Chemist: 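Right, I'll just put the structure down here and ask away after.
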Amino acid sequence: PRSDWARNLTYEQSVFIIAEKLYTPVRMAADYGVRILLEPHGPITDSIKGLQDVFDMLGNPDALGVNLDTGNSWLGGADPVEMARVFKDKIHHIHWKDLGKEWQAKRGTEYGCGFSTIALGDGVIDIKGVCDVLKDADIESSTLEIVGSEDILKKSVKYLRANGL
């Protein structure tokens, strides 16, 4: 949930604050030849429009990219497949997780979900759809954000490999 002061901000003010806080670090990242990756993790960044508005306000710099989190984006109310499609050329890292149907009631009201406890492909998120969009993208790295048995982790890796990643 948003803090009390954040509830009083307009959408435009929220986008400005995020962009203003990223302005200097993104310029420094460009100077050093690295990227800062923005992860869906809140009311603004969990939406395609919000992410795009932050990028636009900063002038769409090459030093700013996206760390797509399949669980966070879905939980925040976005469609991770559409987010992958829109930001395909800006996604350089992925946090892979799937969520069970018990999360559906929280969708659009909670931002960030930590780790998943189920294997990729066993939940309500269209992980295959994300794979289909990104299998030919220039993804530098990814992380399984899954806790549980070794079998769950192995099943998730097998799922990604079977779907081209």
Side-chain angles (χ1 to χ4, degrees), residues 1-99 103-116 120 123-145 160 164-165:
R2 299 175 79 180
S3 64
D4 287 337
W5 68 267
R7 288 185 194 145
N8 296 322
L9 297 175
T10 66
Y11 171 82
E12 291 77 15
Q13 289 169 328
S14 297
V15 169
F16 175 81
I17 288 170
I18 293 168
E20 191 273 332
K21 292 195 178 293
L22 287 170
Y23 179 78
T24 298
V26 169
R27 288 184 66 195
M28 290 176 68
D31 290 344
Y32 285 102
V34 297
R35 279 190 209 95
I36 292 176
L37 302 182
L38 194 53
E39 178 178 354
H41 218 298
I44 302 298
T45 57
D46 275 358
S47 76
I48 293 168
K49 178 179 175 15
L51 272 178
Q52 190 60 63
D53 287 347
V54 170
F55 274 89
D56 289 347
M57 185 165 281
L58 289 166
N60 290 294
D62 290 337
L64 183 63
V66 174
N67 170 23
L68 178 63
D69 187 305
T70 57
N72 289 357
S73 58
W74 179 88
L75 184 60
D79 175 357
V81 175
E82 186 62 19
M83 189 173 274
R85 210 175 274 118
V86 170
F87 294 103
K88 182 176 181 174
D89 295 335
K90 295 179 193 241
I91 296 171
H92 301 286
H93 186 84
I94 304 169
H95 287 170
W96 292 105
K97 59 185 163 231
D98 206 343
L99 297 173
W103 287 91
Q104 286 177 317
K106 296 177 183 179
R107 188 164 189 215
T109 64
E110 195 165 313
Y111 306 99
C113 53
F115 289 84
S116 173
L120 295 177
V124 295
I125 300 173
D126 185 2
I127 300 295
K128 181 179 180 339
V130 174
C131 290
D132 289 344
V133 171
L134 297 178
K135 62 184 163 191
D136 64 343
D138 187 22
I139 306 297
E140 295 169 12
S141 58
S142 64
T143 304
L144 285 176
E145 287 196 336
L160 287 175
L165 291 168

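Worth saying up front: this structure is predicted, and the values here are computed from it rather than measured. If you read the sequence from its start, that first residue is 1, and numbering goes on from there.
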Chemist: State, yes or no, whether a side-chain contact exists between Cys131 and Trp96 at a heavy-atom distance under 4.5 Å.
Modeler: yes
Chemist: Dump the intermediate steps for side chain to side chain contact (heavy atoms under 4.5 Å, CB included) on Val86 and Leu51, then the final yes or no.
Modeler: CA-CA 10 Å; Val86 170; Leu51 272 178; over 6 Å; no
Chemist: Atom OG of Ser116 and atom CD1 of Ile127: how far apart are they, to the nearest 0.5 Å?
Modeler: 8.5 Å
Chemist: At what distance, to the nearest 0.5 angstrom, does CD1 of Ile94 lie from CD1 of Ile139?
Modeler: 4.0 Å
Chemist: Counting C-beta onward and ignoring hydrogens, is there a side-chain heavy-atom pair between Arg35 and Val66 closer than 4.5 Å?
Modeler: no
Chemist: Just wondering, more than 12 heavy atoms not from Asp136 lying within 6.0 Å of its CG?
Modeler: yes
Chemist: Whether the side chain of Lys88 engages the backbone of Val133 through a donor-acceptor N/O pair (distance < 3.5 Å, no angle test) should be reported.
Modeler: yes
Chemist: What's the separation between atom NZ in Lys135 and atom CG in Leu165, rounded to the nearest 0.5 Å?
Modeler: 8.5 Å
Chemist: Go through it in stages, so that I can follow the logic: the residues are Leu120 and Lys128, the test is side chain to side chain contact (heavy atoms under 4.5 Å, CB included), and I'd like the CA-CA distance, side-chain angles, deciding distance and then a yes or no.
Modeler: CA-CA 9 Å; Leu120 295 177; Lys128 181 179 180 339; over 6 Å; no
Chemist: With heavy-atom distances below 4.5 Å as the criterion, would you say the side chains of Thr45 and Tyr111 are in contact?
Modeler: no
Chemist: Please tabulate, for the side chains in residues 17-26, all donor-acceptor contacts under 3.5 angstrom to protein atoms that are two or more places apart in sequence or on a different chain.
Modeler:
{"unit_1": "Tyr23", "atom_1": "OH", "unit_2": "Arg27", "atom_2": "NH1", "d": "3.1"}

Chemist: What closest approach, in Å, do Gly65 and His92 show between heavy atoms, and which atom pair accounts for it?
Modeler: CA-CD2, 4.2 Å
Chemist: Can you measure from NE2 (His95) to OG (Ser142) and round to the nearest 0.5 angstrom?
Modeler: 9.0 Å
Chemist: I'd like to check Phe16 versus Met57 (side-chain heavy atoms, cut-off strictly below 4.5 Å). Are they in contact?
Modeler: yes
Chemist: Mind checking the CZ-CG spacing from Phe87 to Leu134? Nearest 0.5 Å is all I need.
Modeler: 12.5 Å
Chemist: Which residues pass the salt bridge (Lys or Arg N to Asp or Glu O under 4.0 Å) test with Lys106, sequence neighbours left out?
Modeler: none
Chemist: Which donor-acceptor pairs under 3.5 Å do the side chains of residues 72-83 make with protein atoms, sequence neighbours left out?
Modeler:
{"unit_1": "Asn72", "atom_1": "OD1", "unit_2": "Cys113", "atom_2": "N", "d": "3.1"}
{"unit_1": "Asn72", "atom_1": "ND2", "unit_2": "Glu39", "atom_2": "OE2", "d": "3.1"}
{"unit_1": "Asn72", "atom_1": "ND2", "unit_2": "Pro40", "atom_2": "O", "d": "3.1"}
{"unit_1": "Asn72", "atom_1": "ND2", "unit_2": "His41", "atom_2": "NE2", "d": "3.4"}
{"unit_1": "Asn72", "atom_1": "ND2", "unit_2": "Asp69", "atom_2": "OD2", "d": "3.3"}
{"unit_1": "Ser73", "atom_1": "OG", "unit_2": "Asp69", "atom_2": "O", "d": "2.8"}
{"unit_1": "Ser73", "atom_1": "OG", "unit_2": "Thr70", "atom_2": "O", "d": "3.3"}
{"unit_1": "Asp79", "atom_1": "OD1", "unit_2": "Val81", "atom_2": "N", "d": "2.9"}
{"unit_1": "Glu82", "atom_1": "OE1", "unit_2": "Arg85", "atom_2": "NH1", "d": "2.7"}

Chemist: Can you measure from CG (Leu37) to CG (Leu68) and round to the nearest 0.5 angstrom?
Modeler: 11.0 Å
Chemist: Are Met28 and Ile36 close enough that some pair of their side-chain heavy atoms sits under 4.5 Å apart?
Modeler: no
